[in-house]
Amino acid sequence: VMLRIRAKLRQAADQMKRRPELCCGAILLTCALILPLTRTCSRVKSVVASPRAPLRFFPAEAPLADLFLGQLEEVDRLLEEADVSLVFYYAPWCAHCITARQHIQQVALRLAQQVQFVAVNCWWHQGRCRKQKIFFQYPVIHLFYRRVGPIEYRGPVRSEYLESFIQRVCAPLTYLPSVRALHTFLTQHQQAVVGYFRFSSSPQPAGYITFLLSALHALRRDQQGEVRFAVVTNQAVAEGVSLREDESVYLHRRLNSSLVFPRTQRNFTVQAICDWVFEHRESVIHWIQPTGAKSYSLEAELQKGPALLTFLPHNPLTANQLLTQVSAVALQYHCGSEEDLFLRCCQSLSFSSDASVCELCVSRCWALALYLQRVRLSSCRSIQSSYGAFGRWSVCCRSVPRPPLDSITGLQCRSNKTLRFYLLDTQLHWPLAQRLGASADQSRDLPFITIINLRDETHYVLNHTDALEDFIQNFSASYSPLHRHLVGHKQQQQTQSLIQEVTSDSFLHTVMDSQRDVLLLYYSVWCGFCSVLNHVFLQLARLFQGNSALMVARVNVGRNDLPWEFMVDHLPSVLFFPRHRKQMSVKFPENTPMTVPNLLRFVLQHSDHAPWEESGRGAEPQSLLEAELQALQRQVFSLHRAREHLSQQLSVLWRENRRLTLHTHTLETQNAELQEQSGRLETLYREKTRQLSDTVHKLQELADASEELLEENSLLKVLGAMQHDSRTHYNQ
């Protein structure tokens with residue numbers, strides 16, 4: 001067959017060589033057949049239903065424009081109608097957008113007269129927003145200040161935070177008309193930037209516009225508004241911060257000397273001013289907002305050194321007395337009081353044992369103008385002031401009291417444990433506070449303060465009865481009297497079980513009980529090998545059940561902190577704590593498999609008594625193997641009895657099932673007979689009904705005939721009477 005096929009192929013090839021037009025025709029015919037077949041097979045019917053048209057995301061009575069069809073062109077038109085606008089890009093299915101909807105609506109009701117609110121559905125596939133905007137998460141909030149923007153808001157989507165940010169966008173600059181207002185502004189804000197501009201030459205100088213845009217640009221990098229911008233137009237007020245030249249920018253700093261923007265070294269542009277401010281700014285306390293449970297922002301801050309975390313209820317729209325107190329303590333820790341801060345601006349000329357000092361202060365220091373005139377003049381024995389080539393200077397000679405060594409004033413410079421101060425909102429991060437040691441019944445209106453030292457893996461919690469200054473002072477001491485706080489899981493109720501569950505609170509009085517041995521398993525829920533050992537420890541606990549001298553326990557180290565001396569380096573780990581010798585705890589060998597015989601041998605080897613002495617289960621075995629064999633025999637016997645009991649229950653169930661099956665069959669037979677009898681009765685009923693109908697019809701006919709006969713009889717009687725009357729009359 002193969003030879004014949006090859007011969008035919010050779011003949012076809014010879015014919016194509018002699019007649020090449022046949023080859024071209026075959027190729028064209030093949031293409032003509034393949035092309036329709038391909039087009040026919042590629043036609044796949046669309047079985048996906050068309051999406052429903054979107055609906056309004058916000059109520060119709062809400063004071064905002066809801067562009068639920070994604071009309072991005074309407075956004076440009078609405079932005080031109082208002083000075084400040086907020087654009088809320090959302091997806092209708094997003095849970096974060098649904099949660100933020102209520103907060104956006106609340107802010108819109110309060111600021112509808114000042115801000116234009118626009119909501120855009122950026123998920124509708126036919127909308128222009130979906131085609132032009134690319135967002136990786138929702139919601140997205142953009143603010144525009146007179147077509148300047150967008151300024152993206154990345155803070156918490158809560159009404160008070162959002163309203164505070166909008167107010168900063170509406171008023172990016174604070175006008176300072178007097179020296180008193182300047183002093184109040186510098187003392188209230190940790191990071192302040194003051195610009196001096198003369199408006200005599202033009203209504204809005206070019207430098208002022210640049211400074212205004214710098215304040216708006218800084219909001220993109222400073223969501224909390226820690227850096228505040230202000231403007232001064234009076235030269236006398238500007239001299240309070242040593243500003244004399246027009247279009248000058250002053251950066252106020254508390255820990256180091258303040259700075260003036262170097263016009264000769266940098267261009268006076270928006271980006272240059274913002275970069276200069278954020279490069280040289282300083283803060284004694286920082287706001288942090290971890291974005292989620294697995295956020296790395298908090299870890300990045302803790303890696304810098306010991307941190308004092310303060311959880312307090314915070315509303316950006318109102319003054320917070322707790323925040324003011326914590327900020328004052330942080331400022332005192334870094335640089336001392338306001339008087340000590342003044343000393344940083346001045347240079348001491350002499351210092352003797354009688355605590356006398358003479359200070360030379362130059363007018364470049366803002367404290368000279370704002371503080372010396374109010375407080376320091378009364379404490380100076382002699383004052384000399386003069387003007388020099390570099391400005392005004394003053395010399396004050398006075399007595400300086402030495403601060404006590406146990407004071408918190410300037411403790412940062414006297415301690416190797418430099419603390420960083422951080423603030424967190426209790427309403428946003430209460431689960432984190434609970435993980436760090438806040439009790440569940442603690443009121444959220446009270447602050448929760450803790451110190452975390454990530455390098456030492458320790459943290460301390462401030463009691464409500466202690467002072468914050470003492471807490472910081474004790475932490476900074478060389479030998480800190482503070483006790484490490486152990487975070488543990490609280491058990492709701494203690495249940496009787498073979499294996500005792502140990503927590504941070506019950507660890508010491510359970511494991512360190514000197515009257516009994518304790519075999520402790522260290523595990524965690526994420527450890528797969530720990531889950532495999534559960535049945536092994538259950539079998540081991542059954543062997544020692546009823547033995548009051550030995551306890552099998554376990555501790556979840558993933559949720560319970562333990563003292564350092566009781567920690568292990570890997571999971572799972574088993575430690576044996578013998579009674580009367582708790583300091584001689586023994587660890588189960590890592591290279592030995594964790595089986596019931598090995599664990600039993602490990603316990604018997606390091607225990608000072610035999611486990612069967614108090615178990616009451618029989619005479620003393622002669623060897624460990626015999627004890628293990630007896631235990632296994634008891635288990636096998638128990639399994640046999642359980643199997644027999646189960647077999648008896650299954651036989652009873654089988655007989656009951658058989659009886660129910662027969663009863664069901666009988667009921668089905670009776671049901672069939674009843675249905676058949678019901679059919680016969682129904683047929684008989686229909687027949688009787690038909691006969692009754694015929695009888696009624698016949699009776700009706702008879703009744704009609706009777707009525708006709710009665711009528712005829714009556715008529716005949718009438719005719720007979722008339723005939724009789726006529727005959728009588730005729731005879732007469």
Side-chain angles (χ1 to χ4, degrees), residues 57-58 64-67 70-76 78-80 82-91 94-108 111 114-123 127-173 191 212-229 270-271 273-275 277-278 281 286-292 295-297 316-317 425 428:
F57 189 69
F58 288 88
L64 52 80
D66 190 359
L67 306 179
Q71 307 99 309
L72 197 60
E73 61 277 2
E74 291 292 327
V75 177
D76 299 334
L78 293 173
L79 291 179
E80 297 177 356
D83 292 340
V84 180
S85 302
L86 183 143
V87 183
F88 178 74
Y89 298 100
Y90 67 89
C94 177
H96 297 286
C97 299
I98 296 174
T99 305
R101 174 171 53 187
Q102 179 182 0
H103 298 279
I104 294 292
Q105 189 173 350
Q106 292 176 1
V107 177
L111 302 179
Q114 308 174 22
V115 182
Q116 172 73 41
F117 289 85
V118 182
V120 185
N121 182 1
C122 239
W123 188 256
R128 186 177 175 185
C129 182
R130 177 68 181 274
K131 298 177 181 178
Q132 294 187 1
K133 299 289 186 179
I134 300 177
F135 296 129
F136 298 98
Q137 64 179 6
Y138 291 98
V140 178
I141 301 176
H142 286 171
L143 282 95
F144 296 85
Y145 179 85
R146 298 178 183 176
R147 301 295 296 176
V148 177
I151 303 173
E152 183 177 357
Y153 175 72
R154 297 186 298 272
V157 188
R158 297 175 65 94
S159 57
E160 58 273 12
Y161 281 90
L162 186 58
E163 183 176 353
S164 175
F165 187 79
I166 295 175
Q167 290 179 357
R168 291 197 299 271
V169 174
C170 295
L173 297 178
Q191 307 170 30
L212 174 64
L213 296 178
S214 301
L216 293 172
H217 189 73
L219 292 176
R220 298 175 179 175
R221 303 167 61 177
D222 181 24
Q223 296 288 320
Q224 289 289 342
E226 297 181 358
V227 181
R228 296 301 180 94
F229 287 75
V270 174
Q271 189 65 35
I273 294 176
C274 288
D275 293 342
V277 169
F278 284 96
R281 70 169 183 170
H286 307 272
W287 278 98
I288 54 176
Q289 294 178 353
T291 55
S295 175
Y296 291 99
S297 58
L317 300 177
D425 191 352
L428 298 177

Colleague: Taking C-beta and beyond as the side chain, do Q191 and V277 meet within less than 4.5 Å on heavy atoms?
Modeller: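 No, their side chains stay 4.5 Å or more apart.
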
Colleague: As a test of understanding, state which of L64, L78, L79, D66 forms a side-chain contact (heavy atoms from CB on, under 4.5 Å) with V118.
Modeller: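 Of the listed residues L64, L78, L79, D66, the side-chain contact (heavy atoms from CB on, under 4.5 Å) partner of V118 is L78.
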
Colleague: Could you give the side-chain donor-acceptor pairs of residues 129-138 under 3.5 Å, partners two or more places apart or in another chain?
Modeller:
| from | atom 1 | to | atom 2 | distance (Å) |
| --- | --- | --- | --- | --- |
| R130 | NH1 | W123 | O | 2.8 |
| Y138 | OH | C122 | O | 3.3 |

Colleague: Is the side chain of Q223 donor-acceptor paired with the backbone N or O of E152 at a distance under 3.5 Å, no angle test?
Modeller: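 Yes.
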
Colleague: To the nearest 0.5 Å, how far apart are OH in Y145 and OG in S85?
Modeller: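 Here the interatomic distance stands at 12.0 Å.
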
Colleague: Would a 4.5 Å heavy-atom cut-off, applied to side chains only, mark L428 and Y161 as touching?
Modeller: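 In contact.
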
Colleague: Are F117 and L111 packed together at the side-chain level, in the sense that at least one heavy-atom pair is separated by less than 4.5 angstrom?
Modeller: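 A side-chain contact under 4.5 Å exists here.
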
Colleague: A side-chain contact here means heavy atoms from C-beta on lying under 4.5 Å apart; do C170 and V115 qualify?
Modeller: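 They are in contact (side-chain heavy atoms under 4.5 Å apart), so the answer is yes.
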
Colleague: Side chain of R220, backbone of P150: donor and acceptor closer than 3.5 Å?
Modeller: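 Indeed, once roles are kept as given, a pair shorter than 3.5 Å links the two residues.
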
Colleague: Restricting to side-chain hydrogen bond (donor to acceptor under 3.5 Å, both in side chains), what partner residues turn up for Q106, sequence neighbours left out?
Modeller: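 For Q106 the side-chain hydrogen bond (donor to acceptor under 3.5 Å, both in side chains) partners, ignoring immediate neighbours, are S159.
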
Colleague: As an exercise, state the distance from CG of D76 to CD of Q71, rounded to the nearest 0.5 Å.
Modeller: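 Taking CG in D76 and CD in Q71, the distance rounds to 12.5 Å.
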
Colleague: Please name the pair of heavy atoms, one in F165 and one in I151, separated by the smallest distance, quoted to 0.1 Å.
Modeller: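 Smallest heavy-atom distance, with atoms named: CZ-CG2, 3.9 Å.
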
Colleague: Is a donor on one side and an acceptor on the other found under 3.5 Å between the side chain of D222 and the backbone of V227?
Modeller: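 Judged by distance alone, yes, a pair lies under 3.5 Å.
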
Colleague: Can we say E73 and R128 salt-bridge, meaning some charged N sits less than 4.0 Å from an Asp/Glu carboxylate O?
Modeller: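 Yes, this pair counts.
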
Colleague: Starting at CG of L162, measure out to CG of L86 and round the result to the nearest 0.5 Å.
Modeller: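 Going from CG on L162 over to CG on L86, the span is 6.0 Å.
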
Colleague: Identify, with sequence neighbours excluded, every residue that meets side-chain hydrogen bond (donor to acceptor under 3.5 Å, both in side chains) alongside E160.
Modeller: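 Testing E160 for side-chain hydrogen bond (donor to acceptor under 3.5 Å, both in side chains), a comparison that skips the adjacent residues, returns R158.
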
Colleague: Closest heavy-atom contact between L143 and Y153?
Modeller: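 It is CD1-CB, 4.2 Å.
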
Colleague: To the nearest 0.5 angstrom, please state how far the CG atom of D83 sits from the CD atom of Q114.
Modeller: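 Separation between the atoms: 11.0 Å.
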
Colleague: Run the side-chain hydrogen bond (donor to acceptor under 3.5 Å, both in side chains) test against R221 and tell me which residues pass, sequence neighbours left out.
Modeller: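 For R221, the residues satisfying side-chain hydrogen bond (donor to acceptor under 3.5 Å, both in side chains) (neighbours in sequence not counted) are D275.
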
Colleague: Any disulfide bond (SG atoms under 2.5 Å apart) pairs touching residues 135-167, not counting sequence neighbours?
Modeller: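 Matches after skipping sequence neighbours: none remain.
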
Colleague: Output all residues satisfying side chain to side chain contact (heavy atoms under 4.5 Å, CB included) with A100, sequence neighbours left out; order by chain, then residue number.
Modeller: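 Partners of A100 by the side chain to side chain contact (heavy atoms under 4.5 Å, CB included) criterion, ordered by chain and then number, come out as F88, P139, V157.
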
Colleague: Under 6.0 Å from the six-membered ring centre of Y90 and within 45° of its axis: does the NZ or CZ of R101 meet both?
Modeller: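 No - R101 does not lie over the ring of Y90 by the 6.0 Å and 45° rule.
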
Colleague: Looking at C274 and A218, what are the two nearest heavy atoms and their distance?
Modeller: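 For C274 and A218, the tightest heavy-atom pair comes out as SG-N, 3.9 Å.
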
Colleague: From D425 CG over to I288 CD1, what is the distance, rounded to the nearest 0.5 angstrom?
Modeller: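 With rounding to 0.5 Å, CG (D425) is 12.0 Å from CD1 (I288).
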
Colleague: Apply the test side chain to side chain contact (heavy atoms under 4.5 Å, CB included) to residues V107 and I166: give CA-CA distance (whole Å), side-chain angles for both, the deciding distance (0.1 Å), then the verdict.
Modeller: CA-CA 9 Å; V107 177; I166 295 175; 3.7 Å; yes

Colleague: If every non-hydrogen atom of A65 is compared with every non-hydrogen atom of Q116, which pair is closest and at what distance?
Modeller: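 Here A65 and Q116 meet closest at CB-NE2, 4.5 Å.
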
Colleague: Check whether any side-chain heavy atom of V140 sits under 4.5 Å from a side-chain heavy atom of V87, and report yes or no.
Modeller: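 Of all side-chain heavy-atom pairs linking V87 with V140, none is under 4.5 Å.
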
Colleague: Under 3.5 Å, is there a donor-acceptor pair between the side chain of E226 and the main chain of W287?
Modeller: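 Yes, the answer is positive, given that a donor and an acceptor are paired below the 3.5 Å cut-off.
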
Colleague: Looking at CD of Q271 and CG of L213, how far apart are the two atoms once the value is rounded to the nearest 0.5 Å?
Modeller: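 Here the rounded value is 12.0 Å.
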
